[in-house]
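Report on one structure; see the data block that follows.
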Amino acid sequence: IAALFLMAMVVAGIISGYSATEICKTFIESTKSMVSSMLIVGFTRGITVLMQQGCITDTIVYNLVNLLENASKYVAAYGMLILQNIIKFFINGSTSQATITMPIMAPLADLVGVTRQVAVLAFQMGAGFVDAFTPVSASLIGVLGVARIDWGKWAKFQIKMQAFFFLMGTVAIAIAIAVNLQ
């Protein structure tokens, strides 16, 4: 896909009448803002490889399966949801969180009898809403800083909505499990 986008950029540059030098300079300028994100994704991938090569992922999956193997599918899925919410506090980027947690959640889902789709749903519910609440979310703190709103005041305002979102996430997971039981 990256090669396709690169070729599309070259073709668009040629159609626009840019020289090869102008296309390269434009490419370099446009990628400067992405370097920090690319580094984070690279570091996250490095952590994933380290976890897999060091059998850390296997150990985590083994212990989580031991914890959840006798639980119902609902409890196992809710455990995944809670885990993703907790992890989101420490791993701010959704891509980074997915890169690190999904190699754990996919086999965990298989071993406790929950579909992988439910594991992905637990990730989405755990990753999406927490960004609007956690004090380590760079985008939230930036917005609050610009609006001159203290995080404590925001948290008091937002806590009911977060509880509602968590409740809706549990309902969505319950529906997903019920659909897959049939």
What one should report as the nearest heavy-atom pair of Met125 and Gly169 is SD-CA, 3.7 Å
Exercise: identify the closest heavy-atom pair between Glu69 and Asn66: OE2-OD1, 3.8 Å
For Tyr18, is the OH atom crowded, meaning more than 12 foreign heavy atoms sit under 6.0 Å from it? no
Contact between Ile175 and Val171 at the side-chain level, heavy atoms closer than 4.5 Å - yes or no? yes
Kindly compute the distance separating CD1 (Ile86) from CG (Leu81), expressed to the nearest 0.5 Å. 10.0 Å
At their closest point, which heavy atom of Gln52 faces which heavy atom of Pro103, and how far apart are they? NE2-CB, 3.9 Å
Which value, rounded to the nearest 0.5 Å, describes the distance between Phe123 atom CZ and Ile87 atom CD1? 10.0 Å
Check step by step if side chain to side chain contact (heavy atoms under 4.5 Å, CB included) holds for Lys88 and Gln97. CA-CA 7 Å; Lys88 185 61 176 180; Gln97 182 181 359; 3.0 Å; yes
Value rounded to 0.5 Å, distance of CE in Met9 from CE in Met7: 9.0 Å
How close do Ser96 and Thr44 get, heavy atom to heavy atom, and via which atoms? OG-OG1, 3.0 Å
OG1/Thr48 to CE/Met102 distance, rounded to the nearest 0.5 angstrom? 12.0 Å
Under the side chain to side chain contact (heavy atoms under 4.5 Å, CB included) criterion, do Ile56 and Ile60 qualify, and how do the steps go? CA-CA 6 Å; Ile56 297 168; Ile60 293 170; 3.9 Å; yes
Write down the atom of Ile14, the atom of Ile23, and the distance for their closest heavy-atom approach. N-CD1, 3.9 Å
Do Tyr62 and Met51 share a hydrophobic cluster (ILVMFWY, side-chain heavy atoms under 4.5 Å, transitive)? no
Please check if atom CE in Met161 has more than 12 non-hydrogen atoms from other residues, nucleotides or ligands closer than 6.0 Å. no
Do Ile100 and Leu50 land in one hydrophobic cluster if side-chain heavy atoms of ILVMFWY residues count as linked below 4.5 Å? no
Mind listing the side-chain donor-acceptor pairs of residues 140-157 below 3.5 Å, one per line with the distance, residues two or more places apart or on another chain?
{"unit_1": "Asp150", "atom_1": "OD2", "unit_2": "Gly152", "atom_2": "N", "d": "3.2"}
{"unit_1": "Trp151", "atom_1": "NE1", "unit_2": "Phe133", "atom_2": "O", "d": "2.8"}
{"unit_1": "Trp154", "atom_1": "NE1", "unit_2": "Ala132", "atom_2": "O", "d": "2.8"}

Starting at NZ of Lys73, measure out to CD1 of Ile173 and round the result to the nearest 0.5 Å. 14.5 Å
ILVMFWY cluster, Leu121 and Val179 together (side-chain gap under 4.5 Å): yes
If hydrophobic clusters are built from ILVMFWY residues whose side chains come within less than 4.5 Å, do Met105 and Val75 share one? no
Please determine whether side chain to side chain contact (heavy atoms under 4.5 Å, CB included) holds for the pair Tyr74 and Thr170, giving the CA-CA distance in whole Å, both sets of side-chain angles, and the decisive distance to 0.1 Å. CA-CA 9 Å; Tyr74 294 96; Thr170 59; over 6 Å; no
Please confirm whether the backbone N or O of Ser19 pairs with a side-chain atom of Glu22, one donor and one acceptor, at under 3.5 Å? yes
Pair up each side-chain donor or acceptor in residues 111-118 with any protein partner under 3.5 Å, not counting sequence neighbours, and list the distances.
{"unit_1": "Thr115", "atom_1": "OG1", "unit_2": "Val118", "atom_2": "N", "d": "3.3"}
{"unit_1": "Thr115", "atom_1": "OG1", "unit_2": "Asn180", "atom_2": "ND2", "d": "3.4"}
{"unit_1": "Arg116", "atom_1": "NE", "unit_2": "Asp110", "atom_2": "OD1", "d": "3.2"}
{"unit_1": "Arg116", "atom_1": "NE", "unit_2": "Asp110", "atom_2": "OD2", "d": "3.1"}
{"unit_1": "Arg116", "atom_1": "NH2", "unit_2": "Asp110", "atom_2": "OD2", "d": "2.6"}

Leu64 and Leu83: CA distance, side-chain angles, deciding distance, side chain to side chain contact (heavy atoms under 4.5 Å, CB included) verdict: CA-CA 10 Å; Leu64 287 172; Leu83 184 63; 4.1 Å; yes
Check the hydrophobic clustering (I, L, V, M, F, W, Y; side-chain heavy atoms under 4.5 Å; chains of links allowed) and say if Phe165 and Leu167 are grouped together. yes
Test of understanding: with side-chain hydrogen bond (donor to acceptor under 3.5 Å, both in side chains), list the residues that count as partners of Thr99, not counting sequence neighbours. none
Working to the nearest 0.5 angstrom, can you tell me the gap between Thr57 OG1 and Ile47 CD1? 11.0 Å
